[in-house]
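Only this structure's heavy atoms are used, side chains among them; waters, hydrogens and symmetry mates stay out.
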Amino acid sequence: MSAQQALPKDQPASDLAQWQAVLAGFHEEFEFQLMRALKDGGSKPIHKARVNGRKLLTLLKLLDPDNRTGLAAYYRKGMKRLGKVRDADVLIDAFEERRKRQKKAGHKKQARLLKAVVRMQRKKRKTFRARLAKEMRDFPETEEHSRWERWLKEDLEELLDKVQADRVMVKLQEAYEQKKRVYREQCREAGMESAEAFDALHDLRIAAKEIRYIAASASFALDGKFQRWEKRFQGIQDELGAINDRRVWLETVERLRPERLSARTKTWNRFRKKLRKEIRALLLENRVVKVSLSSDGK
């Protein structure tokens with residue numbers, strides 16, 4: 001059930017009722033997908049649980065910025081565990097697809113390297129999923145779950161009196177633009193492929209994601225111009241996400257080292273070089289924050 005469909009279409013809704021419907025919808029979907037993920041371990045429920053959990057955290061930040069409820073920390077704990085499994089899934093799918101292409105092209109050494117990375121990531125995924133199951137299996141019976149129900153029914157109305165969604169969006173945009181400036185500075189000072197620049201780019205992606213989620217989830221409380229930001233920031237998030245994914249893949253391969261993958265150093269270095277080339281191309285081609293080799297800190 002979509003959070004936006006939680007109210008009957010013919011039922012007039014107050015601001016409180018709309019917020020309750022949206023929040024309850026995301027929470028129910030998060031819980032449903034989480035329980036599915038714990039039961040069968042599939043990648044789809046893991047992803048869906050994480051998306052709905054992220055939306056919940058974003059709206060909690062909007063509605064309860066001082067975290068008086070204490071709910072955000074509990075959801076972040078679950079999101080951290082879900083995120084580790086999801087990151088492993090993304091890498092496994094991407095590397096498996098690359099392995100097939102390399103094998104088809106007759107690049108046997110590269111294919112074997114990719115197969116070894118996938119095999120090790122599958123083992124890590126089992127560990128991450130076990131931790132997720134251990135820490136989240138009792139979620140519906142936890143005190144935090146009961147606190148959520150009380151907050152939604154009893155305390156939300158008071159918080160809504162203090163919320164000005166349009167003003168929050170303006171502040172989020174200002175924060176987003178500031179993160180752009182920080183990223184450009186890091187590119188100039190440390191180089192666009194430095195750890196500092198990548199960390200700044202990651203912060204920028206998170207800022208874009210927050211704006212997108214609020215534009216999508218709280219559209220009923222926003223001015224029309226902010227509602228249109230969902231599509232705009234979805235594109236921004238996708239571009240920056242593609243860069244971040246490859247950065248994570250490169251770091252994963254570098255941590256493993258060739259000896260752990262039973263691969264020749266030459267084959268390992270060739271793959272690292274290819275990933276670095278892809279990252280650089282994406283950095284130079286992205287339309288979010290234009291950078292150039294002249295600003296690469298060299």
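- Between the side chain of Lys162 and the main chain of Glu158, no donor-acceptor pair closer than 3.5 Å is present.
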**OP:** May I have the step-by-step check of salt bridge (Lys or Arg N to Asp or Glu O under 4.0 Å) for Asp166 and Lys225, ending in yes or no?
**Re:** CA-CA 10 Å; Asp166 287 347; Lys225 67 177 182 179; over 6 Å; no
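- Here the side chains of Phe226 and Asp223 are in contact, with some heavy-atom distance below 4.5 Å.
- Panel note: side chain Glu96, backbone Val118; no donor-acceptor pair is recorded below 3.5 Å.
- The shortest distance between side-chain heavy atoms of Asp203 and Val182 does not fall below 4.5 Å.
- Ionic pairing of Arg276 and Glu254 is present here: one or more N-O contacts between side-chain nitrogen and carboxylate oxygen are shorter than 4.0 angstrom.
- Here Phe271 and Phe95 bring their ring centres to under 6.0 angstrom of each other.
- Using modelled atom types, one finds a donor on one side chain and an acceptor on the other under 3.5 Å when comparing Asp238 with Gln234.
- Shortest non-hydrogen contact noted between Gln186 and Ala200 is CG-CB, 4.1 Å.
- For the pair Glu174 and Lys171, the salt-bridge criterion is not met [side-chain N within less than 4.0 Å of a carboxylate O].
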Original post:
Is there a salt bridge (Lys or Arg N to Asp or Glu O under 4.0 Å) between Asp89 and Arg125 once you walk through the steps?
Top reply: CA-CA 8 Å; Asp89 284 337; Arg125 187 189 191 278; 2.4 Å; yes
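- Judged by distance alone, the side chain of Asn286 and the main-chain N or O of Val289 form a donor-acceptor pair under 3.5 Å.
- Within the 4.5 Å cutoff, the side chain of Leu132 has no heavy atoms near those of the Lys84 side chain.
- Of the possible polar contacts, one joining the Ser217 side chain to the Tyr213 backbone as a donor-acceptor pair under 3.5 Å is found.
- No side-chain donor-acceptor contact under 3.5 Å links Gln121 to the backbone of Leu91.
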**OP:** Tell me, with the steps shown, if Gln33 and Glu29 meet side-chain hydrogen bond (donor to acceptor under 3.5 Å, both in side chains).
**Re:** CA-CA 6 Å; Gln33 297 297 343; Glu29 187 67 10; 2.8 Å; yes
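- Looking at heavy atoms from C-beta onward, Met120 lies out of side-chain contact with Lys123 at the 4.5 angstrom threshold.
- Of the possible donor and acceptor atoms, one in the side chain of Asn67 sits under 3.5 Å from a partner among the backbone N and O of Gly70.
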**OP:** In sequence, state the C-alpha distance, the side-chain angles, and the governing distance for Glu251 and Arg247, and then conclude on salt bridge (Lys or Arg N to Asp or Glu O under 4.0 Å).
**Re:** CA-CA 6 Å; Glu251 290 176 347; Arg247 176 203 179 189; 3.1 Å; yes
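- The two residues Trp19 and Leu59 make their nearest non-hydrogen contact at CZ3-CD2, 4.0 Å.
- Side chains of Arg181 and Gln178: a donor-acceptor N/O pair is present below 3.5 angstrom, by distance only.
- Taking every heavy atom of both residues into account, Leu282 and Ala242 meet most closely at CD1-O, 4.0 Å.
- Asn244 places no side-chain N or O within donor-acceptor distance of the main-chain N or O of Leu240, the cut-off being under 3.5 Å.
- Between Arg81 and Glu135 there is a salt bridge, with a side-chain nitrogen of the basic residue lying less than 4.0 Å from a carboxylate oxygen of the acidic one.
- Contact between Thr58 and Glu210 at its shortest, heavy atoms only, is CG2-O, 3.6 Å.
- Sorted by first then second residue, the ring-ring contact (aromatic ring centres under 6.0 Å, His included) pairs that include residues 157-193, not counting sequence neighbours, are Tyr176-Phe233.
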Original post:
What's the verdict on salt bridge (Lys or Arg N to Asp or Glu O under 4.0 Å) for Glu278 and Arg246, showing C-alpha distance, side-chain angles and the deciding distance?
Top reply: CA-CA 8 Å; Glu278 290 178 13; Arg246 281 162 180 78; 3.1 Å; yes
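- Proximity of Leu201 to Arg205: side-chain heavy atoms (C-beta onward) are nowhere separated by under 4.5 Å.
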